[in-house]
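Okay, so here's the structure we're looking at.
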Amino acid sequence: MMELSGAILGIAKIIWAPISKCVKYHRSLEEKMMLLHNKLEVVNSRKEDIESRMNVELCLGKQLKKEVQLWLENVQKMNGEVETINQEVGEGKFLSRAHLGKLVIKKIQEVEELHQKGSFNDSLVVDGPDGNRVMLPTAIIVGDTTRRNMDEIWACLMDNDVRKVGVHGIGGVGKTTIMKHIYNQLLIETGKFENAVWITVPKATSVIQLQSKIAHAFQLGLSENESETIRAAKLLAMLRMRKRYVLILDDLWEEFELEEMGIPEPTRDNECKLVLTTRLSDVCVRMGCKKIKVQLLSENETWNLFLEKVGRDLVAPEIETIAKDIAKECGRLPLAIITIARSMKGVVDHCEWRNALEELRVSTSGLNDMGKVYEQLKFSYIHLQDERLRHCLLYCALYPEDFLIGRKELIEHLIAGGVIEGMKNKRAEFDKGHAMLNKLENSCLLESVAEQNKDMKWVKMHDLIRDMALQITSTSPQFLVEAGVCLRNFPNIEKWAENLEKVSLMHNYISEVPSNLSPKCHRLSTLLLSSNHTLTLIPNSFFVHMHALQVLDLSDTGLEILPNSLSGLENLTALLLRGCYRLKYVPSLAKMKVLMKLDFSHSGIKEVPQGMEMLVSLKYLNLYARNLEIIPSGILPKLTSLQFLKIYGASKTLKVKGEEVASLRKLDTFAGQLYDQNDFNAYVRCLQEQGPNNYLIRVGEGNEAIEEEMESFQKEVKFTKCNIGIGEDMVLLLPGDIQTLQIIECHDIISLSSISSLNNASELKTCVLSYCNGIECILQQSSYILLENLESLALRRLCNLCDLFRGERAAPLPPGTFSALKNLSITDCRSVQKLFEVSLLLHLKNLESLDVSVCKQMKEIIATGHEYALGESSNLSSNNDFTISLPQLRYLSLDCLAQLESIYRGTMVCYSLEVIQVFGCPKLKRIPLSLPLIGGQQSPPPKLQRISTSIWEALEWDHPNAKNVLQPLVQSVELIGTQNHIFLR
């Protein structure tokens with residue numbers, strides 16, 4: 001029995017031993033988990049310390065020890081395993097607790113071992129092999145253009161005043177290639193920078209991804225399980241310990257705040273630089289970079305690069321011409337040149353070369369190898385987030401290759417085609433259009449072209465961008481584009497697919513549309529046939545099935561008659577007939593209720609089409625047509641949406657009623673002719689709170705042409721042969737916002753003072769008086785007009801003008817009179833003997849230009865007026881030293897003044913003077929110019945550039961050394977003839 005009990009007890013011990021262990025694991029799980037977390041926290045603290053040391057010790061040419069890298073990876077792995085155990089414990093499954101308890105104890109031992117292995121007392125890094133500074137593979141640099149781009153970028157890196165550089169340009173132009181060369185050069189030349197870091201930014205990257213790329217590139221440890229903000233803070237702290245590095249971000253599409261990403265701002269203190277490459281110049285601006293645009297190659301550089309890639313020995317002399325044409329088709333874009341050249345490498349057959357050229361010219365996709373190029377370019381198109389910008393870019397492809405597209409014309413088409421939605425006025429629409437084109441330019445999808453010294457601006461589409469756009473429009477939306485290809489025959493019916501949306505046949509030599517052609521293009525919205533000067537016939541059937549047509553451009557064609565089917569285009573928004581100088585007949589427009597733009601400028605029409613009064617949506621009407629004779633009364637008031645109205649014809653009968661123009665409450669711009677001053681007064685009276693913002697109004701008998709291209713005017717009114725003199729029935733009303741006033745051949749006006757409404761013309765800047773025989777003075781004391789904002793006054797052929805001002809000599813001019821005057825010009829005013837009294841100079845402190853010519857009796861420019869300035873008892877001859885100042889005067893011209901004896905009897909201080917011209921003044925002996933003392937020596941006025949005169953030798957000067965001082969500025973001039981025939985030797 002005792003033996004049996006002992007055996008049972010032994011068995012029980014054997015069974016209980018593992019059970020008791022399981023119970024122990026079960027009961028102590030929470031306690032062991034807490035111990036595991038505590039020990040792991042110690043290990044993670046050591047990991048952070050090691051990472052901090054690592055970030056300091058790592059630099060160019062150093063690399064992390066393998067054992068350190070392995071230890072960090074094991075710690076990361078252990079964190080993940082403990083997190084998994086923690087989740088299983090949290091699930092609270094009873095039967096698994098014993099197993100988990102055993103696993104936790106095992107992990108505690110592993111964590112302890114991991115902690116011991118992390119005792120790295122010596123350096124964490126070792127010298128890396130040369131291969132650690134990996135040179136990036138690069139293409140050969142060809143041509144001076146690329147080298148200039150590289151030199152400019154390198155100069156910025158060496159310039160301590162430039163901290164951030166933005167390299168931008170069209171896709172495929174070579175931005176990345178250039179920067180790879182720069183990067184490799186930085187690895188070699190380590191004198192200025194310790195480190196160069198290259199990061200290619202993924203096109204659809206997140207903050208987390210970019211932070212990880214930056215950390216990896218700098219060999220920094222960064223947790224994947226923390227928020228963007230925490231990661232940025234840690235990355236920023238680590239990178240702030242680094243100095244003298246260049247960070248290159250290649251192919252950046254969106255701007256970001258550097259420190260929010262975790263990148264310290266480059267400064268003089270840290271001696272760091274940031275370089276980014278992008279297709280978007282806006283990204284450079286918003287990142288605060290100095291912009292450098294990578295330019296396209298020259299034609300010679302294009303050919304050399306092509307030869308480099310195709311093989312110089314492989315291009316036989318007999319196919320060289322074809323090869324050069326193929327190279328030209330690549331649009332000077334390095335990516336396209338390299339791609340096509342490689343595809344032709346080894347080709348020796350003439351037929352294949354000719355076939356390749358034909359494919360490139362005819363097919364929008366060209367050779368199959370161009371697909372890579374188009375995909376690169378297409379990404380920029382897809383990246384345009386605004387659908388309207390995409391439509392705008394595709395619209396540019398309707399123009400011929402290499403065509404300078406006028407911004408104004410393009411924006412007008414975009415407005416008419418609905419790409420730019422209707423806004424409150426024309427200016428707002430154009431502002432929107434310019435903003436859109438600027439964005440496309442900044443995206444390097446359009447090129448900006450501007451003419452120097454002129455306000456003309458265009459955009460241009462790179463050949464490959466255009467090809468890419470046409471490739472897109474070969475499917476949906478579908479375009480038919482044969483613009484500027486010397487087309488003589490109209491495209492046959494097979495090309496007029498039913499799903500066509502836009503057709504451009506502009507700038508060709510088409511003479512007629514076939515009589516039986518009636519395309520069934522029910523979706524066609526835009527048809528551009530402009531600049532086919534030989535086009536004389538469009539059959540009646542042509543427009544029958546084009547009910548969706550919105551934009552029809554027939555400008556600069558030889559059409560005499562438009563087909564009657566035009567009348568059925570009820571959805572037409574723009575009808576453009578500019579330059580149709582033979583045009584005589586236009587069918588009824590009555591059904592075009594949504595027509596917004598109608599341009600007859602430079603057309604041959606003699607009368608307006610029938611149905612004009614029905615165009616209730618019309619915003620733009622240009623009737624600048626020389627043969628137009630009359631606009632029937634009653635039409636204009638019905639065009640209630642009109643914002644722009646321009647009317648001009650050679651016929652003196654082409655005038656409009658002022659009341660009808662004033663009734664157009666939405667009118668923003670008006671250029672045209674009213675009947676007389678009474679009609680103009682009626683116009684002004686009918687204006688309510690506000691009239692047009694831009695206007696050029698002719699009144700009376702004048703028939704001077706309006707500048708044809710101008711569509712923005714300076715609020716100008718010109719009266720010709722009108723009765724605007726004295727008398728209640730002749731009171732002239734002027735708009736309060738008038739800026740330019742011209743009065744021509746109005747002989748009953750005595751002076752400007754008789755126009756009382758000038759007192760309200762506070763914005764008047766320019767006044768011109770010509771051929772007005774009744775004018776004896778400009779202002780009268782009895783009714784002074786201040787004209788305090790007037791900047792330019794021109795007086796021409798006023799035969800009875802005697803004085804600028806007339807009144808009691810002791811009475812001063814009211815304060816502010818002529819205080820803003822900059823330019824004073826007097827021509828052929830034969831009765832004037834003196835221009836003005838010296839007292840007026842108090843009002844002419846801003847005078848910049850004084851031009852007096854052909855005034856036969858002019859004796860004195862500035863009369864001393866001693867009763868004003870010097871007192872009644874003053875002796876004029878004894879006061880020759882009286883000094884006056886014209887501080888802003890830059891230009892003084894005196895021409896053909898036969899009786900002129902004196903400019904001024906005292907001395908004139910004119911230190912802003914740049915040019916003096918004196919011709920045809922035989923009695924003038926003295927120019928009363930004060931010479932400043934500079935360094936104790938008499939010197940010319942500091943800004944004086946030129947003295948042109950035919951009487952230099954006869955002139956006398958107050959200063960004895962004046963001639964020697966001024967001689968270098970004198971141009972020897974011979975005066976031939978009697979007036980304005982001047983030749984410089």
Side-chain angles (χ1 to χ4, degrees), residues 804 821 824-826 832-853 855 857-871 874-934 937-971 973:
L804 291 184
L821 193 65
L824 178 58
S825 171
I826 301 179
V832 180
Q833 295 187 21
K834 60 182 179 182
L835 190 55
F836 47 74
E837 302 282 358
V838 69
S839 61
L840 180 62
L841 294 180
L842 298 172
H843 301 264
L844 297 178
K845 293 299 183 182
N846 291 306
L847 190 66
E848 296 180 6
S849 173
L850 178 59
D851 187 348
V852 185
S853 62
C855 296
Q857 297 189 48
M858 181 77 71
K859 294 183 177 181
E860 200 168 11
I861 301 300
I862 303 173
T864 307
H866 53 282
E867 61 271 33
Y868 281 103
L870 308 177
S874 297
N875 186 330
L876 183 60
S877 61
S878 65
N879 283 280
N880 285 347
D881 292 334
F882 186 71
T883 300
I884 59 172
S885 175
L886 288 169
Q888 303 300 324
L889 189 66
R890 296 187 299 109
Y891 179 84
L892 174 63
S893 178
L894 306 173
D895 186 14
C896 293
L897 305 175
Q899 301 301 318
L900 184 66
E901 298 175 356
S902 168
I903 296 174
Y904 175 62
R905 296 184 185 277
T907 302
M908 295 169 56
V909 177
C910 306
Y911 289 166
S912 296
L913 199 60
E914 298 174 9
V915 175
I916 300 174
Q917 291 189 166
V918 180
F919 301 109
C921 303
K923 294 186 177 181
L924 183 66
K925 301 301 180 184
R926 174 176 172 268
I927 296 181
L929 195 62
S930 172
L931 299 184
L933 288 176
I934 299 178
Q937 299 291 324
Q938 284 183 349
S939 304
K943 296 184 179 180
L944 189 60
Q945 301 172 7
R946 174 168 56 89
I947 300 174
S948 299
T949 179
S950 57
I951 58 171
W952 172 251
E953 297 300 332
L955 285 175
E956 300 173 358
W957 300 85
D958 295 342
H959 304 281
N961 198 35
K963 269 201 172 182
N964 293 332
V965 169
L966 297 175
Q967 181 67 53
L969 302 176
V970 175
Q971 290 187 350
V973 176

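Basis for what follows: all heavy atoms, side chains included, without hydrogens, waters or symmetry-related copies.
- Around NZ of K943, the count of heavy atoms belonging to other residues, nucleotides or ligands within 6.0 Å does not exceed 12.
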Exercise for the section: Show your working on side-chain contact (heavy atoms from CB on, under 4.5 Å) between L913 and L929 and close with a plain yes or no. Expected result: CA-CA 10 Å; L913 199 60; L929 195 62; 4.0 Å; yes
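- Residues that satisfy the side chain to side chain donor-acceptor pair (under 3.5 Å) test with W957, not counting sequence neighbours, are absent from this structure.
- R905 is not listed as a side-chain neighbour of F882, based on a closest heavy-atom distance of 4.5 Å or more.
- Side-chain contact between F919 and S893: absent, with no pair of heavy atoms (C-beta onward) separated by less than 4.5 Å.
- The two residues L886 and L841 have their closest heavy-atom pair at CD2-CD2, 3.6 Å.
- With S939 contributing its side chain and Q937 its backbone, the two residues share a donor-acceptor pair below 3.5 Å.
- Counting non-hydrogen atoms of other residues, nucleotides and ligands closer than 6.0 Å to NZ of K845 gives a total above 12.
- Contact of the Q917 side chain with the D851 side chain is not registered, since no non-hydrogen atoms from C-beta on lie closer than 4.5 Å.
- Residues that satisfy the side chain to side chain donor-acceptor pair (under 3.5 Å) test with Q888, not counting sequence neighbours, are absent from this structure.
- Closest approach of P928 and G906 over heavy atoms only: CB-O, 3.2 Å.
- One finds the CD1 atom of I927 at 6.5 Å from the CD1 atom of I951 (value rounded to the nearest 0.5 Å).
- In this view, N961 and N964 satisfy the side chain to side chain donor-acceptor pair (under 3.5 Å) rule, not counting sequence neighbours.
- L889 contributes atom CG, which lies 6.0 Å from atom CE of M908 (distance to the nearest 0.5 angstrom).
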Problem - C855 vs I826, side-chain contact (heavy atoms from CB on, under 4.5 Å): CA-CA, chis, key distance, verdict - result: CA-CA 8 Å; C855 296; I826 301 179; 3.8 Å; yes
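- Taking all atoms of both residues into account, the shortest heavy-atom contact from P941 to C910 is CB-O, 3.8 Å.
- Here E837 contributes atom CD and E860 contributes atom CD; the two are 8.0 Å apart, rounded to the nearest 0.5 Å.
- Taken to the nearest 0.5 Å, the CG atom of D895 stands 10.5 Å off from the OG1 atom of T949.
- Residues that satisfy the side chain to side chain contact (heavy atoms under 4.5 Å, CB included) test with P940, not counting sequence neighbours, are V965, L966, L969.
- Applying the side chain to side chain donor-acceptor pair (under 3.5 Å) rule to Q857 yields no partners; only residues at least two apart in sequence or on another chain are considered.
- Atom OG of S853 and atom CG of L894 lie 9.5 Å apart (nearest 0.5 Å).
- Here S930 contributes atom OG and Q938 contributes atom CD; the two are 9.0 Å apart, rounded to the nearest 0.5 Å.
- Side-chain atoms of K923 never come within 3.5 Å of backbone atoms of L897 as a donor-acceptor pair (strictly under, hydrogens ignored).
- With sequence neighbours excluded, the residues that form a salt bridge (Lys or Arg N to Asp or Glu O under 4.0 Å) with E914 are R890.
- The two atoms that bring P887 and S912 nearest to each other are O-OG, 2.6 Å, heavy atoms only.
- The one candidate from L844, L835, I903 that meets the side-chain contact (heavy atoms from CB on, under 4.5 Å) condition with L850 is L835.
- L900 and C921 get closest at one heavy-atom pair: CD2-SG, 4.3 Å.
- Closest non-hydrogen pair, L824 versus F836, comes out as CD2-CE2, 4.1 Å.
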